[in-house]
Amino acid sequence: MTRTTPSGFCRHDILSPVPPVDVRATVISNVRLSRDYNVLTIAAPEVGALTEPGQFVMLKTTDASDPMLRRPFSVFEVLRDDLGTVRAISILNKRAGRTTGLLYGLEAGDPVWCLGPLGLPFNPPSSGEAWMVAGGVGLAPFATLAEALVALQVPTTLFYGARTADELYYLEFFDRLGVKLVLTTEDGGAGVKGRVTGPLEESLKGLGGPNLVTVYACGPEPMLAAVARLAERYGQPSEVSMERTMGCGLGGCYSCVVPVKHADGQTRYVRSCIGGPVFDGATVVWE
Amino acid sequence: MTRTTPSGFCRHDILSPVPPVDVRATVISNVRLSRDYNVLTIAAPEVGALTEPGQFVMLKTTDASDPMLRRPFSVFEVLRDDLGTVRAISILNKRAGRTTGLLYGLEAGDPVWCLGPLGLPFNPPSSGEAWMVAGGVGLAPFATLAEALVALQVPTTLFYGARTADELYYLEFFDRLGVKLVLTTEDGGAGVKGRVTGPLEESLKGLGGPNLVTVYACGPEPMLAAVARLAERYGQPSEVSMERTMGCGLGGCYSCVVPVKHADGQTRYVRSCIGGPVFDGATVVWE
Amino acid sequence: MTALDMSVRIGSLVMPNPLMAASGCFGYGLEYEDVVDLSTLGGVVSKGLFLAERQGHKPERIAETPAGMLNAIGLQGIGVHRFISEKLPLLRARRARTIVNICGTTLDEYVEVARILSDAEGVDALEINISCPNIKEGGIQFGCSLDGTFGVVSAIRKVTSLPIIPKLTPNVTSPASFARAAEDAGADAISLVNTFLAMAIDVEQRKPKLSNVVGGLSGPAIRPIAVRMVWECRQEVKIPIVGMGGIMDHRDVLEFMIAGANAVQVGTANFVDPFIWRKLLDGLTDYMQRHQITRLADIVGALDTTSPAKAHA
Amino acid sequence: MTALDMSVRIGSLVMPNPLMAASGCFGYGLEYEDVVDLSTLGGVVSKGLFLAERQGHKPERIAETPAGMLNAIGLQGIGVHRFISEKLPLLRARRARTIVNICGTTLDEYVEVARILSDAEGVDALEINISCPNIKEGGIQFGCSLDGTFGVVSAIRKVTSLPIIPKLTPNVTSPASFARAAEDAGADAISLVNTFLAMAIDVEQRKPKLSNVVGGLSGPAIRPIAVRMVWECRQEVKIPIVGMGGIMDHRDVLEFMIAGANAVQVGTANFVDPFIWRKLLDGLTDYMQRHQITRLADIVGALDTTSPAKAHA
Ligand SMILES: Cc1cc2nc3c(=O)[nH]c(=O)nc-3n(C[C@H](O)[C@H](O)[C@H](O)COP(=O)(O)OP(=O)(O)OC[C@H]3O[C@@H](n4cnc5c(N)ncnc54)[C@H](O)[C@@H]3O)c2cc1C
Ligand SMILES: Cc1cc2nc3c(=O)[nH]c(=O)nc-3n(C[C@H](O)[C@H](O)[C@H](O)COP(=O)(O)OP(=O)(O)OC[C@H]3O[C@@H](n4cnc5c(N)ncnc54)[C@H](O)[C@@H]3O)c2cc1C
Ligand SMILES: Cc1cc2nc3c(=O)[nH]c(=O)nc-3n(C[C@H](O)[C@H](O)[C@H](O)COP(=O)(O)O)c2cc1C
Ligand SMILES: Cc1cc2nc3c(=O)[nH]c(=O)nc-3n(C[C@H](O)[C@H](O)[C@H](O)COP(=O)(O)O)c2cc1C
Ligand code: FES
Ligand code: FES
């Protein structure tokens with residue numbers, strides 16, 4: 001992973017990114033995990049080979065004009081063949097509306113237009129442990145992040161909350177990697193009953209001092225705000241992946257802005273597609 | 001076949017048709033005959049069971065709004081299983097633009113929205129022989145018409161013209177039915193070189209008097225005009241299937257009009273979706 | 001579960017639900033009787049009628065565009081007399097609530113057509129088409145001038161006690177000021193929008209796709225503009241608004257109603273799905289049940305502008 | 001095969017081809033340098049700039065609609081001074097032809113912004129945004145009044161020798177009369193259309209989808225209306241027209257040109273396909289070769305209205 005500055009104002013001023021590519025990819029498989037969740041694997045190796053943990057792609061299921069705009073999705077897995085060559089990427093998709101509904105329904109052989117990789121990735125922790133905090137479909141960016149962290153031999157924990165036990169996915173994957181799992185469900189069907197911020201706060205309390213863990217979070221915005229505030233309260237750095245309505249993913253439309261406190265003390269709207277989606281949790285102005 | 005009045009002004013005044021149905025049909029097979037022609041078989045038995053020769057369906061390949069409108073297609077074959085139960089219909093499709101392009105590209109399992117049957121069918125000949133005249137994709141309505149005519153033991157001939165020999169399809173089908181074939185190609189690669197109206201005129205000349213054959217025609221409008229005029233000149237009745245841009249297929253939009261001479265001597269625009277697509281060739285005012 | 005009330009009243013016209021078939025998109029209604037029981041619609045708006053029969057424009061009369069279509073039919077129609085003798089008795093027999101869309105090339109023609117229809121049995125309301133963009137003499141000269149709109153509506157008001165519903169054009173800077181002129185002139189309701197003046201070109205042939213060169217754009221493409229216009233008019237007038245433009249499902253019906261429409265019309269969608277009516281009614285019923293709304297009229301104009309919808313609700 | 005000439009001239013601005021990136025849809029241009037060599041575009045139109053930095057509206061700022069999208073960004077921007085110091089040198093280094101889209105809340109602000117940009121190195125033309133529908137103080141008061149349009153254009157004309165291109169709103173009864181006012185005031189060209197005032201509602205929440213309630217509709221949905229407006233303006237004025245609204249492929253470019261546009265802008269399509277530029281150029285080249293056109297300018301306004309396109313050609 002390259003070092004980047006996720007809270008920067010404009011990508012072009014601070015780093016020279018890998019140019020994204022656009023591929024008309026073919027669906028390799030579509031595994032429905034539940035009534036609303038599926039893992040869609042698409043043959044977009046050109047995108048996968050360039051992707052860093054936390055980056056996203058913009059997808060479209062048709063070249064007609066309805067629906068017209070692409071939608072943003074974290075790269076869930078980068079899939080390699082036995083020789084290590086990247087062959088595909090997958091997306092952890094949750095049905096929320098039209099395009100996510102269409103992605104749920106795709107079959108092997110169908111085309112998907114895939115633009116990416118886009119956005120600023122997560123940064124590796126400067127020292128100590130990595131704690132990933134996922135709410136629901138917010139699990140998506142953590143499969144690749146976990147792999148990268150494990151490769152760097154960073155001790156890694158996943159705090160993972162869902163509504164019910166059925167909606168906790170890929171536990172074995174993380175287990176196999178050696179990631180410690182702390183699970184919560186809203187109905188208490190698995191792990192701790194309640195929100196994921198509960199056990200997170202317990203663990204933060206138990207830390208011996210500041211800057212011992214880097215907290216990575218992805219999920220609904222109230223969760224991100226709570227995680228960022230907890231991390232700050234206990235003196236730990238945090239990186240949050242923000243979910244905003246995106247029109248372009250490239251900095252063209254100014255739809256995806258997040259209010260960010262800048263070094264000069266001013267709060268300015270930053271385009272989360274190029275100045276994020278990963279932000280330093282301490283700089284985001286929560287609304 | 002029911003007797004109908006194809007040149008009528010408004011369907012509701014003159015006959016009580018079978019109400020059309022709308023089915024989300026699944027593609028059973030798609031056989032590409034050439035770079036531009038394909039036969040698409042869809043599981044729409046509800047439609048097929050009601051269809052009379054010359055009727056059409058309105059098709060759409062998406063429930064999104066781009067493309068939005070359905071497109072009209074003759075029912076090519078009504079396909080039955082061994083017990084004679086209707087299982088599917090097929091469409092002889094020629095790529096001309098967006099929807100025909102999409103229909104060309106469909107695969108088994110894809111959905112097609114199929115509304116039909118629509119429009120006035122061909123009438124059986126009151127006496128004598130039946131001569132069908134097809135230009136290019138104008139072959140489409142004649143497979144079912146030929147079957148119906150043969151069932152009525154009407155001696156039937158197909159005059160069939162295409163650009164090249166490769167674009168003459170389903171010859172064996174008609175041959176097997178006992179339909180006499182007269183073929184033409186523009187390049188002379190098969191049959192008589194030139195237009196289909198050439199051999200037609202020769203044959204008309206050879207007839208011993210008026211009202212011995214009924215001429216059925218489907219193809220490009222200049223061909224239809226020529227056929228109708230020839231039939232009239234040689235005293236034979238003709239029925240022509242007109243191809244108009246159609247918005248609805250049900251008489252709602254008034255897009256599909258054909259100028260028709262009425263009994264009162266007036267020429268009026270008649271909606272070809274409900275007052276056609278089959279018209280008495282002698283009543284159409286050719287432009 | 002209490003009974004659900006979807007009814008709408010426009011003067012003496014009482015409709016069981018707000019769903020009307022839009023003029024020019026449903027023939028004279030009878031064309032659709034095979035696919036829908038006409039009495040179950042709120043109302044059927046006829047094709048635009050002049051005094052005399054008209055042949056309309058030459059083909060090509062329509063062209064598809066992204067999420068929309070252009071039409072320049074040119075108001076082909078059978079004229080008011082044949083309508084009364086040939087269509088009206090059948091519509092009455094099917095218990096359709098019949099709204100006649102009337103056109104004129106002069107003020108006198110509008111008044112004359114209105115008068116004739118007022119005397120006929122079975123007309124429930126008049127929709128005054130001063131907004132057809134496709135023919136020069138189709139009343140658009142009245143629809144693009146505030147004085148013209150006021151003039152034609154007040155003249156018709158004098159000769160009929162039927163509910164009158166001027167249909168406004170969207171091709172003006174401020175439809176709301178036309179809504180006000182119509183209300184001031186005594187209209188019982190307004191309907192909007194008619195189609196947007198537009199065109200499409202075949203670039204290979206470098207010719208217009210329509211014989212009339214320009215035509216009217218309808219369909220989902222225009223819906224966001226139409227909803228905005230209904231919302232603006234709702235701030236301006238008190239009379240009922242009949243909203244339309246690109247309605248394709250029950251959510252679109254609700255969108256117009258929440259913006260301020262008391263009833264809606266469905267046009268282009270009939271071409272795409274003639275069986276749409278049952279789906280719309282079922283969708284509205286489901287919505288009312290889920291939201292525990294017993295009178296659908298309660299959502300008219302109920303847009304809450306204090307904050308935007310949550311994107312990730 | 002002779003060389004193909006796609007060039008366009010607007011006053012002193014000479015572009016190698018008619019393809020410009022539309023304001024607000026291409027950031028400051030630099031955001032797209034990874035995906036396209038900026039010097040290959042006819043021109044890059046910057047995001048709308050006021051004198052001072054602006055934060056714009058709260059999210060939600062966009063919403064998708066059928067074949068289109070609404071936006072109410074609220075002209076978030078870095079202001080003219082930061083643009084000159086931070087962006088202009090980079091754009092010059094990339095040899096982009098830079099057209100700056102300027103806004104103002106007052107006549108004085110427009111004039112001031114124009115003056116400052118005229119003194120800066122590397123500005124090739126000014127597009128005067130008097131048509132943003134999303135903010136009350138964004139110049140639309142000038143764009144919806146003929147006097148206002150004349151006034152702002154002639155005031156800017158006095159302070160700059162750069163080509164000036166007023167950008168017209170489609171939300172008026174007659175865009176052609178605004179084109180005339182702009183020409184009379186000394187504009188070098190006009191561009192049209194800006195977005196259509198529109199709105200969308202989340203019916204479950206009964207709230208607007210945009211924080212600003214209303215926004216501007218762009219994308220293929222509006223193309224047929226935009227093409228009609230370009231065609232009307234072509235009959236009215238002699239100066240070059242920059243046409244836009246829903247261009248998604250090279251056929252759409254040709255449609256605008258045949259209707260009367262000398263150049264075009266591509267906005268929303270950048271979001272759908274940022275690699276569109278190469279495809280557009282290739283498509284135009286292919287068209288010129290197939291039709292044996294050596295000067296693309298020859299098709300400007302070449303619409304043949306004597307008969308409609310053959311449907312079954
Ligand atoms: C950086 C990033 C990464 C994401 N990763 C994933 C992921 O890995 N898996 C996943 O399932 N989802 C992910 N999302 C969310 C996903 O983009 C939205 O669920 C999707 O855009 C909804 O599109 P739709 O067409 O299905 O819904 P629509 O029909 O457009 O709308 C349904 C709902 O989603 C909201 N919405 C509309 N457009 C967007 C948009 N562009 N972004 C967010 N919400 C929107 C609407 O306001 C509405 O409430 C991510 C979002 C971002 C910004
Ligand atoms: C009663 C009837 C039966 C038909 N049967 C068949 C058939 O069996 N097989 C077959 O291949 N074709 C048939 N056609 C023609 C077929 O409907 C058109 O080729 C088709 O509509 C073109 O649609 P598109 O989306 O592919 O083209 P578009 O992208 O819409 O346009 C491509 C070209 O087709 C023209 N066109 C557009 N819409 C229509 C329309 N609704 N009708 C006709 N032309 C149009 C356009 O002007 C343009 O020149 C029939 C037409 C009618 C009226
Ligand atoms: C083919 C066609 C014909 C139309 N004819 C008329 C008409 O005769 N009178 C009229 O007032 N509106 C007419 N309209 C406009 C519609 O009634 C309606 O206002 C418009 O199409 C917008 O609604 P929609 O998007 O649901 O179609 C016509 C529209 C279409 C598409
Ligand atoms: C997100 C967005 C932002 C825009 N911002 C501006 C702007 O700052 N100034 C301006 O003159 N037009 C602005 N526009 C209008 C476009 O430049 C263009 O006129 C319009 O979108 C129509 O073209 P299109 O359909 O190709 O997008 C904006 C459009 C969009 C979609
Ligand atoms: S999504 Fe367009 S600027 Fe971020
Ligand atoms: S296709 Fe609509 S009336 Fe014939």
Side-chain angles (χ1 to χ4, degrees), chain A residues 9-13 15-24 58-60 62-72 97-99 113 115-118 221 242-260 264 266-275 285 287, chain D residues 21-22 24-36 47-48 53-78 86-87 90 202 209-210 215 218-221 223 246 248-249 252 267-276 279:
Chain A
F9 190 44
C10 170
R11 185 172 70 163
H12 294 272
D13 303 332
L15 67 142
S16 63
V18 187
V21 294
D22 185 23
V23 291
R24 182 183 184 283
M58 295 288 289
L59 300 183
K60 209 173 140 56
T62 166
D63 57 357
S65 286
D66 183 42
M68 178 182 74
L69 296 173
R70 297 171 187 250
R71 294 289 188 272
R98 271 186 92 189
T99 293
W113 284 259
L115 172 71
L118 299 167
E221 189 153 327
M242 302 290 291
E243 190 178 318
R244 278 290 186 276
T245 303
M246 288 187 176
C248 70
L250 283 171
C253 73
Y254 282 78
S255 67
C256 59
V257 294
V258 169
V260 171
D264 61 6
Q266 294 280 329
T267 295
R268 292 196 187 83
Y269 277 130
V270 173
R271 288 166 285 181
S272 63
C273 61
I274 56 173
V285 180
E287 273 151 352
Chain D
C25 302
F26 206 63
Y28 296 103
L30 302 164
E31 289 85 346
Y32 283 82
E33 63 168 331
D34 292 341
V35 297
V36 56
K47 226 190 130 33
E53 199 167 332
R54 281 176 66 96
Q55 285 308 303
H57 296 312
K58 284 191 175 178
E60 295 289 314
R61 290 179 166 189
I62 65 168
E64 184 161 346
T65 65
M69 64 179 282
L70 299 177
N71 89 81
I73 306 300
L75 290 167
Q76 175 174 352
I78 57 176
E86 295 174 22
K87 304 297 178 187
L90 297 175
D202 182 310
K209 290 198 179 169
L210 299 177
S218 64
R223 192 173 63 237
M248 300 299 278
D249 65 24
D252 306 336
T268 303
N270 287 293
F271 309 155
V272 178
D273 179 6
F275 294 95
I276 190 173
K279 296 170 196 167

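To find a chain, count down the sequence lines: A is the first, B the second, and so on, and within it residues start at 1.
Here the OG-CG distance, from A/Ser255 to D/Leu210, works out to 11.0 Å after rounding to the nearest 0.5 Å. Rounded to the nearest 0.5 angstrom, A/Cys253 SG and D/Ile62 CD1 are separated by 5.0 Å.
Within the 4.5 angstrom heavy-atom criterion, only backbone atoms of D/Phe26 (N, CA, C, O) approach chain A. With a 4.5 angstrom heavy-atom cutoff, A/Met246 touches chain D only via backbone atoms. Contacts between A/Val258 and chain D at a heavy-atom distance below 4.5 Å are absent for every atom of the residue. When heavy atoms are compared at a cutoff of 4.5 Å, D/Val35 approaches chain A solely by way of its side chain, counted from C-beta outward.
With sequence neighbours excluded, the residues that form a salt bridge (charged side-chain N to carboxylate O under 4.0 Å, His left out) with A/Arg71 are D/Glu64. Under the side chain to side chain donor-acceptor pair (under 3.5 Å) criterion, D/Tyr28 pairs with no residue at all, not counting sequence neighbours.
If you run side chain to side chain contact (heavy atoms under 4.5 Å, CB included) between D/Val272 and each of A/Asp63, A/Leu115, A/Leu69, only A/Leu69 comes through.
Of all non-hydrogen atoms in D/Phe271 and A/Cys248, the two that sit nearest each other are CD2-CB, 3.5 Å. Across all their heavy atoms, A/Ser65 and D/Met248 have their closest contact at OG-CE, 4.3 Å. Nearest heavy atoms, A/Pro20 versus D/Asp34: CD-CB, 4.3 Å. Contact record, D/Gln55 with A/Arg268: OE1-CA, 3.4 Å, taken as the closest heavy-atom pair. Shown here for A/Met68 and D/Thr268, the closest heavy-atom pair between the two residues is CE-CG2, 3.5 Å.
The candidate with the highest count of non-hydrogen atom pairs below 4.5 Å against chain D, out of A/Pro67, A/Ala64, A/Cys256, is A/Pro67. For the options D/Ala21, D/Gly267, D/Pro59, D/Ala63, heavy-atom pairs under 4.5 Å to chain A are most numerous at D/Pro59. Between chain A and the options D/Ala221, D/Gly56, D/Gly68, heavy-atom pairs under 4.5 Å are most frequent for D/Gly68.
Taking a cutoff of 4.0 Å between a charged side-chain nitrogen and a carboxylate oxygen, D/Lys58 and A/Glu287 do not qualify as a salt bridge.
Counting only distance, with no hydrogens or angles, the side chain of D/Gln76 and the backbone of A/Tyr269 share a donor-acceptor pair below 3.5 Å.
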